Amino acid sequence: MDRPLAPFHPPTRLLMGPGPSNLHPRVREALAAPLLGHMDPLVLGLLTDVQGLLRDAFGTENLLTLAVSGTGSAGIEACLAGLIEPGDRVVVEVHGFFGGRLGEMAARAGGAVTKVEAPWGRAADLEALRRAAREVKPRVIAVVHAETSTGVAQPLAEVAEIARDVEADLLVDCVTSLGGMPLHADRLGLAAAASCSQKCLGSPPGLAPMTMSPGAAARLAARTHPVPFYLDLPLIARYWGGDHAYHHTLPVNLVYALREGLRLAAEEGESERHRRHARHGAALAAGLEELGLEILAAPADRLPMLTAVRIPAGVDDAAVRRRLLEEFHIEIGGGLGELKGRVWRIGLMGETSRMNHVILLLAALGRVLERSPDAIGQAIDAAGAVADTQAVGAR
Ligand SMILES: *Cc1c(COP(=O)(O)O)cnc(C)c1O
């Protein structure tokens, strides 16, 4: 380099894509606290706190509950690698991009994968899943709880019943759902669930909360085929909650931040947090429809924290997203896979799920799409009306 580089001062953007979401000031402060060593007794104490907070978030008493160092994908891959022995039959339910990835990861873990597919944008085909489960008799069934590529929610209770019926381990990708919609790992009898820090938990990316039932953990401990070293959950658990034997260098500042994000969630209360996500997701959907846009998912299947909306004919996908970013400092997501160029994905996750953000997005998108001031006003009204009807101690 022939010149010194200027310091980087990122602008404050409104992160309304499919994750990451905005950080609460308390989480940002936690992130910037002095670094401690990963063997410092103070850090080891934090791990116990985080495990307890994560058990509450997952709705579980599982001893094997921790955060894998890595993003959500690392947590999912650690669980899949732990549950699948080479040649094991695995049924994966696929109705979007992340279901497809779950199938790919299961196959790379050595599983003999049967995919049960439903059209992208629709809910799971439960009858097809039940049929496949009875036919294949899989060791593992893997599903995505909140399909972030389409904005569709998975009917987990029904899927759990199918898994119980065929005595399969149920593994759930909760990357987008955890912290934004109800999840009770123990009540559902989940064998394993994995999430990420940067979506509805409102922390920076880099940690993957996961939990595994005692039965699944025992099978993992007894397996004959080794798992990849870095994703070896028993070794990671030994560092987190056992004799703290070194396995890898914990990203300590990310743990400070996750702990603060989880503390904020606990202060808000689980049901209020879920209600907040539901209220603002419904408000956004009403406002978008008032702007004349079509939402991909049917009303009954919609996620509260992620809305996929069809890009109107003749509208330039990239140009709209660029104008939102440059003129309004708002980031939204584009489509993935077969929905690339066909949908925008608007996230209301964690701290981002606030009514002022809904209104700002509707106004900014309305302007970029050249809607009239009246039409924009009506969209904001429609969103406000929906939020009001759902407001119980609304903030
Ligand atoms: C974001 C996401 C992932 C991947 O998580 P990363 O943190 O990007 O690794 C996996 N599954 C779903 C459903 C997601 O939304």
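On a predicted model such as this, the values are computed, not experimentally measured, just so you know. Both ligands and their constituent atoms are indexed starting at 1 by order of listing.
- Listed by number with element, the atoms of ligand 1 under 4.0 angstrom from any heavy atom of V144 are 13 (C).
- Which parts of ligand 1 touch T148 is read off a 4.0 Å heavy-atom cut-off, strictly below it: atoms 12 (C), 13 (C), 14 (C), 15 (O).
- Closest protein heavy atom to atom 11 (N) of ligand 1: D173 OD2, 2.6 Å.
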Show every donor-acceptor pair shorter than 3.5 Å between a side-chain atom in residues 284-306 and any protein atom, with sequence neighbours excluded, or say none if there are none.
unit_1 : atom_1 : unit_2 : atom_2 : d
E289   : OE2    : R302   : NH2    : 3.2
E294   : OE2    : R310   : NE     : 3.3
R302   : NE     : A297   : O      : 3.0
R302   : NH2    : A297   : O      : 3.4

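- For the atom pair CZ (R55) and OG1 (T60), the distance works out to 8.0 Å, reported to the nearest 0.5 Å.
- Side chains of T352 and N22: a donor-acceptor N/O pair is present below 3.5 angstrom, by distance only.
- Residues M181 and H277 form no side-chain contact, since every pair of their non-hydrogen atoms from C-beta on lies 4.5 Å or further apart.
- Judged by distance alone, the side chains of Q154 and E93 do bring a donor and an acceptor atom under 3.5 Å apart.
- Around atom CZ of R13, more than 12 heavy atoms belonging to other residues, nucleotides or ligands sit under 6.0 Å away.
- Of all the heavy atoms of T71, the ones lying under 4.0 Å from any atom of ligand 1 are found in both the backbone and the side chain.
- Screening residues 110-126 for side-chain hydrogen bond (donor to acceptor under 3.5 Å, both in side chains), with sequence neighbours left out, gives no hits.
- At under 3.5 Å, not a single nitrogen or oxygen of C196, backbone or side chain, sits near a nitrogen or oxygen of ligand 1.
- Residues R342 and I311 fail the side-chain proximity criterion, which asks for heavy atoms closer than 4.5 Å.
- Protein heavy atom nearest atom 1 (C) of ligand 1, with residue, atom name and distance: K199 NZ, 1.6 Å.
- In terms of polar-atom proximity, Q198 is counted as a contact of ligand 1, with an N or O under 3.5 Å from an N or O of the ligand.
- In this structure, the protein non-hydrogen atom closest to atom 3 (C) of ligand 1 is F98 CE2, 3.5 Å.
- Within the listing of ligand 1, atoms 13 (C) sit less than 4.0 angstrom from a heavy atom of A146.
- Here E147 has no heavy atoms under 4.0 Å from ligand 1, in either its backbone or its side chain.
- Below 4.0 Å from some heavy atom of S73 lie the following atoms of ligand 1, by number and element: 4 (C), 5 (O), 6 (P), 9 (O).
- Of the heavy atoms in A74, none comes closer than 4.0 Å to ligand 1.
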